[in-house]
Amino acid sequence: MNINDPESYLESLRTLERNVYVLGERCTNTVDNPLVRPSANAVAETYEVGAEPEAASLLFTTSHLSGREISRFTHIHQSTDDLVDKVLMQRLLGRRTATCFQRCVGMDGFNALYSVTHECDEAHGTPYHARFKDYLEWVQDSNVVVEGAMTDVKGDRSLRPGEQPDPDMFLHLVDRTPEGIVVRGAKAHQTGALNSHEILVMPTTAMREGEEEFAVSFAVPADTKGITFVLGRQPSDTRKMEGSPLDLGNRYGSQEALVIFDDVFVPSERVFMCGETDQSGKVVERFASFHRQSYGGCKVGVGDVLIGAAQLAADYQGSSKASHVRDKITEMVHLNETLFCCGIACSAQGRATEAGNYEVEPLLANICKLNVTRFPFEIARLLQDIAGGLIVTMPSEKDFDNPETAAYLEKYLKGVDSVPTLDRIKVLKFIENMTVGCGAAAYLTESIHGAGSPQAQRIMISRLANLKEKVELAKRISHIED
Ligand code: SF4
């Protein structure tokens, strides 16, 4: 398999023989399922955009393993410039899709496992790093989509993995054979699960001594026996099935699924951690930092589109010269670019790991994501404020098509005279999608909980803040002696 364009990507998904359920029914062709297709369109854009000369240097780079040209989504960052380029690529794709394009979780998983498998081998004499590099080189050459799977379902949150009444609440080892391992459990909220060829599994939290069976990491093809996918729903998602582009509001979309592993066999050459509890927390923290950096790119790109939509909506209804509207749009830009600053800052301050790849500065990456838990909501609020209540009271595309009502709607929903009514409605339908419809799943709720919920960032910020050093600074300036 060598996927180079949107068509070959979509075709490759059609060949997968997976066990997928959508709205209660087995789905053998996810690509052509209208509920899934907008999210596949978003991933396909990651194959499309690179063909544009101005985007090629962001979308493609050189493999440090093979020296060949590869997609940046499969790259191991070799410098702080690489980290910055990753954020720029994500902003570019956010601008193009106004949604989650789903390939960054795998990319961030690769970069976390690259350094941790190296350190694990140093500490335990394990063979993981070379295995992982072999796997990665295959991913780079084939250019498949790899879903990063971290979030376990967790059951009773007050109990550790080994204390759960049902041990399957955390994905775990159930058997070892000379050829590999057998695992059971489930991963929740899996971004792009139905649009991926491969699944890269990582532990969900730092495991302790006695929790060895839960410290597992591996990769398997998405159509491995024993894996079942159940697509998650989104607000107003059945609009995707109505065949009405106007009412849908965005032809791109995001996707999450529950992925169940029911005694799945993983061959040894695809196992990258098995029982090394002291390494599991490093995978979680490094992956989280990379993905918290990612949000300083993708959500900013989406924000760019929303700021454009605010300006358009104001222009179309004649309110764009009002000072409060100009102020609100300026505030949206300020919030959005602040997120971008965080994404760039944690990249520019990145550093080399023992394995030689570069990781982001974790305090700044966590600041980035904590801001993302808030600012997109304020941007969306300002957008709704500017757009007006019509975003949730518009008639359907069918009413605009019906000769009995079309002329009334054209007349009474018009804004400024020079703008066709339908253009005004198009931008308002997009705003509806992004702030209260299915697009809000990726832009709003994912901004809170994706890459870890706000409390996870607060814990990391408090751990990394170095308050002792700040106290010493204050004492020195205040002439306080120890
Ligand atoms: Fe990529 Fe953003 Fe989606 Fe994460 S939320 S996979 S960073 S587009």
Side-chain angles (χ1 to χ4, degrees), residues 38-49 58-59 71-75 77 83-112 145-151 187-196 198-200 202 232 234 250 252-257 259 286-306 336 339-340 342-344 346-347 360 365-366 368-373 375-376 434 438-453 456-457:
S39 66
N41 289 343
V43 181
E45 199 67 16
T46 70
Y47 290 96
E48 174 79 40
V49 175
L58 294 179
L59 268 289
S71 163
R72 189 174 296 281
F73 283 107
T74 67
H75 185 48
H77 314 302
L83 290 167
V84 169
D85 281 349
K86 171 196 166 190
V87 173
L88 295 177
M89 172 184 76
Q90 291 167 315
R91 185 171 187 171
L92 173 78
L93 282 160
R95 292 161 72 106
R96 288 290 289 254
T97 60
T99 189
C100 166
F101 35 88
Q102 304 149 53
R103 283 185 80 179
C104 326
V105 193
M107 167 174 60
D108 292 338
F110 298 148
N111 279 276
V145 176
V146 180
E147 172 215 342
M150 177 163 274
T151 308
K187 294 286 186 180
H189 329 300
Q190 292 306 293
T191 298
L194 305 187
N195 295 326
S196 302
E198 291 272 319
I199 308 173
L200 177 66
M202 295 165 277
Q234 295 172 336
N250 185 0
Y252 301 107
S254 63
Q255 174 198 106
E256 269 76 33
V259 184
R286 288 181 202 177
F287 168 80
S289 290
F290 279 125
H291 211 56
R292 290 167 193 173
Q293 167 214 25
S294 289
Y295 277 38
C298 73
K299 302 301 180 208
V300 177
V302 178
D304 287 332
V305 188
L306 296 183
N336 204 42
L339 299 179
F340 185 54
C342 293
I344 294 298
C346 68
S347 306
V360 293
N366 278 280
C368 178
K369 172 65 205 331
L370 193 56
N371 282 338
V372 170
T373 66
F375 295 1
M434 295 301 296
C438 50
Y443 186 62
L444 296 178
T445 310
E446 188 175 78
S447 287
I448 300 186
H449 294 293
S453 304
Q457 286 107 65

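Nothing fancy with the numbering, it's 1 onward along the sequence. Just so you know, ligand 1 is whichever comes first in the structure, and atom 1 is the first atom listed for that ligand.
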Report summary line: The atoms of ligand 1 lying under 4.0 Å from a heavy atom of K299, numbered in the order shown, are 5 (S)
Query raised in the report: In ligand 1, which numbered atoms sit nearer than 4.0 Å to a non-hydrogen atom of V105?
Result: 6 (S)
Report task. Specify whether H77 and H75 have parallel, tilted or perpendicular ring planes, treating 30° as the upper limit for parallel and 60° as the lower limit for perpendicular. Result -> perpendicular
Query raised in the report: On the ring face of Y252, is R96 found with NZ or CZ under 6.0 Å from the centre and within 45° of the axis?
Result: no
Query raised in the report: Can you tell me how far the CD atom of Q190 sits from the OG atom of S196, to the nearest 0.5 Å?
Result: 9.5 Å
Query raised in the report: Is there a donor-acceptor contact under 3.5 Å linking the side chains of T46 and Q102?
Result: no
**Report entry** Protein heavy-atom partner closest to atom 2 (Fe) of ligand 1 - residue, atom, separation in Å
**Finding:** C298 SG, 2.3 Å
Query - Interfacing atoms of ligand 1 (cut-off 4.0 Å, heavy-atom, Q102) - result: 3 (Fe), 6 (S)
Requested in this report: Looking only at protein heavy atoms, identify the closest one to atom 1 (Fe) of ligand 1 and say how far it is in Å.
Outcome: C104 SG, 2.3 Å
**Report entry** Atom indices of ligand 1, in the order listed, that fall short of 4.0 Å to a heavy atom of E446
**Finding:** 5 (S)
Query - Nearest heavy atoms of S347 and G343, plus distance in Å - result: OG-O, 2.7 Å
Query raised in the report: For atom 1 (Fe) of ligand 1, does an N/O/S atom of C100 lie at less than 2.8 Å?
Result: no
Report task. Show which atoms of ligand 1 fall inside a sub-4.0 Å distance from at least one heavy-atom site of Y295. Result -> 4 (Fe), 5 (S)
Query - Atoms in ligand 1 with a heavy atom of S294 nearer than 4.0 Å - result: 7 (S)
Requested in this report: Drop me the distance from C438's SG to Q255's CD, to the nearest 0.5 angstrom.
Outcome: 12.5 Å
**Report entry** From CA spacing to verdict: side-chain contact (heavy atoms from CB on, under 4.5 Å), R91, I344
**Finding:** CA-CA 11 Å; R91 185 171 187 171; I344 294 298; over 6 Å; no
Query raised in the report: What N, O or S atom of H291 is found closest to atom 4 (Fe) of ligand 1?
Result: NE2
